[in-house]
Amino acid sequence: MSPFERVAILGLGLIGSSLARVLRTQGLAKEIVAAGSRPSTLARGLELGIIDQACGSVADAVAGADLVILAMPVGGMQQAFAELAEAIKRSSVIVTDVGSVKGAVVEAARRALGYVPATLVPGHPIAGSEKSGVEAGSADLFRRHKVILTPLDETDPQALQRVQNLWHRAGAEVILMSVAAHDQILAKTSHLPHLLAFSLVDALARESENLEIFRYAAGGFRDFTRIAASDPRMWHDIALANQPALLEAIEHFQGSLNMLRDAVQQRDGESLLNIFTRAKAARDHFTHMLAGTAYAQTMKTPMTEFHVQPGGRLQGRLRVPGDKSISHRSIMLGSLAEGVTEVHGFLEGEDALATLQAFRDMGVQIEGPTQGRVRIHGVGMQGLQAPAQALYLGNSGTSMRLLSGILAAQAFDTVMTGDESLSRRPMERIAVPLRTMGAQIDSTGDRGTPPLTIRGGRHLRGREYRMPVASAQVKSGVLLAGLWAEGETCVIEPAPTRDHTERMLRGFSYPVITEGNRVSLQGGGKLIATDIDVPADISSAAFFLVAASIAEGSDLILEHVGINPTRTGVIDILRLMGADIEILNPRTSAGEPVADLQVRYARLHGIEIPEDLVPLAIDEFPVLFVAAACAEGKTVLTGAEELRVKESDRIQVMADGLQRLGVKAVPTADGMVIEGGKIAGGQVDSHGDHRIAMSFAMAALRASGRVEITDCANVATSFPGFSELARSVGLGIDVVQDTSTVQN
Ligand code: S3P
């Protein structure tokens with residue numbers, strides 16, 4: 001059965017005709033009729049077969065309709081409502097519209113009818129193009145686009161539901177918000193940019209005596225002004241209909257433009273650089289956020305795959321990217337410090353960049369990253385500003401848990417969100433101790449997952465917290481909140497975890513006391529800017545430590561790797577299995593021990609992994625499971641239930657993948673039992689988990705056939721450039737995107 005009997009579309013332009021095509025192709029209406037100001041347009045609609053009847057008047061069109069779609073310019077809405085009055089009074093016809101301004105549409109209904117009907121569902125598809133007209137329409141126009149619906153208090157929930165269903169069937173993502181929020185957001189993101197595009201083209205056209213100049217106006221001009229080819233009448237209507245919000249947006253923009261003019265006039269290069277850097281970073285971040293939506297879709301149809309040829313050996317020297325944990329912390333403490341912090345070796349992976357963007361969103365000026373160099377202009381302990389919107393932290397659990405501690409102590413409210421994987425991860429483990437310090441934090445759903453909403457203006461009190469699970473993220477989050485808390489904040493760990501926060505706080509001249517498993521600090525101090533040299537990440541080096549250990553003939557040197565004793569569990573475990581790893585030239589760099597690591601092929605044997613090493617190698621188990629699969633005999637891991645709540649359930653996902661490659665791997669509640677032996681080729685799913693993707697890439701070195709790994713895009717969260725670097729030392733890896741090879 002069709003959801004609608006008769007749908008009347010008033011206005012058969014780009015949007016109206018696209019909706020007609022959706023209704024037609026999806027079989028959503030028994031009859032589609034249209035009315036509009038141009039008979040020729042309606043005639044073309046009939047010819048194209050997208051409508052069944054062209055009506056001479058609105059009254060004719062809406063007679064007997066159960067859905068009316070107002071798809072004319074906003075300026076024509078009041079007239080349309082007046083003509084609809086009878087039909088609305090007589091029946092429960094649902095009315096929806098597609099106008100770019102919502103306040104004006106509701107107002108038009110009120111003026112024409114004297115009230116706002118309960119069956120009016122104001123809507124706005126954020127789709128379209130500079131093209132207009134019935135010919136330009138397409139049934140796919142709304143696919144994967146957002147549609148905003150702005151129901152009012154009086155809106156009938158059933159009417160809302162039916163309009164929502166219509167948009168879902170068009171392939172759109174429906175978002176509900178208030179009329180006022182819609183108009184303010186769209187003034188900034190759509191109406192102002194259109195105005196600027198029209199204005200720039202007009203200014204140039206008027207200014208230049210002869211229009212020759214446009215011949216040379218390619219590139220930036222063309223990109224910037226594409227939307228100035230939009231329908232003038234429609235934009236005339238929108239600009240007037242959204243007057244107050246648009247005026248505010250123009251004024252705000254004028255202020256920014258004046259700042260730029262002054263900077264240019266005064267040859268103030270530093271300001272220019274700051275503004276451009278900030279804007280570029282924000283733009284890159286938006287691109288990523290939008291890709292984040294696409295990522296949610298690619299969870300079903302993974303786009304990036306690794307195809308790894310079997311066999312080979314690894315030789316040479318390499319430096320893997322900077323340590324992820326230290327990179328996060330350098331941005332956090334650098335932002336809160338007094339003075340300018342210079343960071344070298346910063347990890348330009350998406351997780352650390354998410355932290356960087358969060359602090360930019362809170363008003364901190366951060367230059368870079370450029371080839372691992374970042375300059376942070378610290379704002380001091382009280383200098384963060386309220387972000388304009390929710391902080392988006394992508395895939396990064398570390399960002400969210402550490403930031404929870406910092407944000408709990410601020411004067412302003414914040415919301416933190418993340419991608420699909422992060423949205424499933426437990427956040428109560430950090431919210432619980434922070435609440436006992438006086439913080440107000442709300443997580444979501446029964447399982448205490450993101451988004452997290454943190455209320456500002458709370459007075460925090462220091463306390464002693466005995467952690468039930470060994471977690472460096474929780475320890476760090478609590479200690480960071482302690483910087484603002486009254487009195488002493490103290491964390492007692494059940495087992496040692498990475499201590500980068502403590503070390504870096506001391507590096508920023510903040511006293512921290514460590515006595516055995518007890519770490520404490522006094523609130524109310526300040527951080528003094530310092531320079532940070534981020535060592536190469538041992539968690540990234542781990543893939544190569546295992547790879548060279550399992551591939552006969554390998555001999556590899558990994559340069560400048562961080563060997564903080566709270567991180568070297570992977571070396572200890574591999575050595576217990578018989579690996580040949582030498583620590584060369586140990587030294588200290590900015591408070592962290594580093595060394596070069598030489599690793600050569602060795603015959604590994606299975607072991608029972610000592611439980612006290614688990615927290616010290618927590619991120620390295622995916623690749624250690626691969627080592628176990630190549631070892632002689634049985635390897636048993638216990639006491640590692642934490643692996644089930646990482647970026648994926650690393651016990652289940654690794655066991656599934658290993659089994660696909662013919663390895664005897666039996667998952668247990670808190671670990672795995674692996675019988676070493678032969679590895680076959682085959683396809684494994686990384687479930688979007690970066691470390692699982694890279695681990696299976698290394699397994700190919702010992703496989704009898706090609707190993708294909710799906711859903712690998714997230715490798716960029718911790719190890720940008722992984723495939724190129726691995727290839728440069730001998731791994732036969734190709735990155736395949738959507739069935740076409742992009743890197744060889
Ligand atoms: C991290 C701590 C670890 C680790 C994560 C980074 C950190 O998590 O798994 O990748 O930077 O503090 P937990 O110690 O919280 O389990």
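Computation of the quantities below employed the complete heavy-atom set of this structure, encompassing side-chain atoms and omitting hydrogens, waters and symmetry-equivalent molecules. Not measured: the values here are computed from a predicted model. When a ligand or atom number is given, it counts from 1 through the structure's own listing order.
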Arg329 vs Ile532 side-chain heavy atoms within contact, under 4.5 Å: no
For a 4.5 angstrom cut-off between non-hydrogen side-chain atoms, does Arg463 reach Thr489? no
Salt bridge check: are Glu502 and Arg506 linked by an N-O gap of less than 4.0 Å? no
Arg518 bridged to Glu515 by N-O distance under 4.0 Å: yes
Between the protein and ligand 1, which nitrogen or oxygen pairs come in under 3.5 Å, and how far apart is each?
{"from": "ligand 1", "atom 1": "8 (O)", "to": "Lys646", "atom 2": "NZ", "distance (Å)": "3.2"}
{"from": "ligand 1", "atom 1": "9 (O)", "to": "Asp619", "atom 2": "OD1", "distance (Å)": "2.6"}
{"from": "ligand 1", "atom 1": "9 (O)", "to": "Asp619", "atom 2": "OD2", "distance (Å)": "3.4"}
{"from": "ligand 1", "atom 1": "9 (O)", "to": "Lys646", "atom 2": "NZ", "distance (Å)": "2.6"}
{"from": "ligand 1", "atom 1": "10 (O)", "to": "Asp619", "atom 2": "OD1", "distance (Å)": "3.4"}
{"from": "ligand 1", "atom 1": "10 (O)", "to": "Asp619", "atom 2": "OD2", "distance (Å)": "2.8"}
{"from": "ligand 1", "atom 1": "11 (O)", "to": "Ser325", "atom 2": "OG", "distance (Å)": "2.7"}
{"from": "ligand 1", "atom 1": "11 (O)", "to": "Arg329", "atom 2": "NH1", "distance (Å)": "2.8"}
{"from": "ligand 1", "atom 1": "11 (O)", "to": "Arg329", "atom 2": "NH2", "distance (Å)": "3.4"}
{"from": "ligand 1", "atom 1": "12 (O)", "to": "Arg329", "atom 2": "NH2", "distance (Å)": "2.7"}
{"from": "ligand 1", "atom 1": "14 (O)", "to": "Ala472", "atom 2": "N", "distance (Å)": "2.7"}
{"from": "ligand 1", "atom 1": "15 (O)", "to": "Ser471", "atom 2": "OG", "distance (Å)": "2.5"}
{"from": "ligand 1", "atom 1": "15 (O)", "to": "Gln473", "atom 2": "N", "distance (Å)": "3.1"}
{"from": "ligand 1", "atom 1": "16 (O)", "to": "Lys646", "atom 2": "NZ", "distance (Å)": "2.9"}

Passes salt bridge (charged side-chain N to carboxylate O under 4.0 Å, His left out), Arg498 versus Asp619? Steps please. CA-CA 11 Å; Arg498 63 192 70 189; Asp619 292 335; 3.2 Å; yes
Applying side-chain hydrogen bond (donor to acceptor under 3.5 Å, both in side chains) to Glu486 and not counting sequence neighbours gives His459
